[in-house]
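Reading through the structure tokens given below for one structure.
When a ligand or atom number is given, it counts from 1 through the structure's own listing order.
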Amino acid sequence: MKRPLLEAIKERTLLGDGAMGTQLMFAGLEQGACGELWNLTHPERVLAIQRRYAEAGSDCILTNTFGGSRIMLNRHGNADNVVEINRAAVAIARQAFGGRDGYVIGDIGPFGGLMEPYGDFTEQQVGEAFNEQARALVDAGVDAIIIETQTSLEELLLGIVAAREAEASCVIGSMAYDVTRDGSTFRTMMGVDPERAAEFMQEHGADIVALNCGTGMDMERARQAVLRYREATDLPVMVQPNAGQPKLVNLQVVYDETPEQMSQGVVPLLEAGAAIIGACCGSTPDHIRQFKVSMEAWYENQTVRR
Ligand SMILES: [Zn+2]
């Protein structure tokens, strides 16, 4: 029987997966189209991507449901399929492990707008959308829920509450930080710094504090975030930095860090105490495979030293 995720990370650091959005584009998803609908219309393409991550060594795979809340799906006219889309996503991610023990993490991204008084959505609307998605993911059997790419504590809280009410066995809150213009620190677009986020998450019942994406948040910045999180909380830490900086090449956004470059940051992250290491925008199965090599070598070394 598989150990719960929160037990497994006590023993060793787990490997996450890499980007989904950019991989869907490579597989033919058009800019602006609904990638989550592919869980129903092109499940084999989603599966092929996640299978490559599983084969590269991912212990954890995020479901293809970043935009799988009613509010996000509604923009594409798919609000009637919230439950089906989320349920299918969990089955696909599970299938990607091919029978091997792995952790399926149900992904909830931002609802994609602003709440009152800054925007048009009420807290209740967003809360209901998150509740519905979290419930669908938990009912389909996820091992954890991640509320990711969050910039405001108000929205993050709605996600945490939704995951808790759905009785998710592990709740991960993940913030997107931007490096400040002078390069001295990083905080979210809404001005939240890592210490505040970590304390807030601990206070509101998250099990793991995380970061993903953001501007300028490379492996070294992720390491700094791990240290700052660990100063502020005793919860385990998960990181999913981008593959360096986005650049526009032939009208396409490409990220500039190769698997070799990015994987240089894996050991420092292990030494900083990260519990789950994955990657965000621009990363590929090749990046994850290289992470795995670095991680294995480090553990090998630890055993020898002991
Ligand atoms: Zn990203």
Next item on the list: Check whether the side chains of Arg228 and Thr185 place a donor and an acceptor atom closer than 3.5 Å, and report yes or no.
Entry: yes
Margin query: Ignoring hydrogens and geometry beyond distance, is a side-chain donor-acceptor pair present between Ser58 and Asp17 at under 3.5 Å?
Written below: no
Notebook entry, point to check: What protein N/O/S atoms sit under 2.8 Å from the Zn ion (ligand 1), by chain and number?
Noted result: Cys213 SG, Cys280 SG, Cys281 SG
Notebook entry, point to check: Among side-chain atoms of Glu260 and Gln264, is any donor-acceptor pair under 3.5 angstrom?
Noted result: no
Next item on the list: Verify salt bridge (Lys or Arg N to Asp or Glu O under 4.0 Å) between Lys10 and Glu7, making sure each step is shown before the conclusion.
Entry: CA-CA 5 Å; Lys10 284 182 192 157; Glu7 291 297 315; 3.4 Å; yes
Notebook entry, point to check: Is the closest side-chain donor-acceptor distance between Gln202 and Asp234 under 3.5 Å?
Noted result: yes
Item checked: Pair Thr63-Asp107, side-chain donor/acceptor within less than 3.5 Å -> no
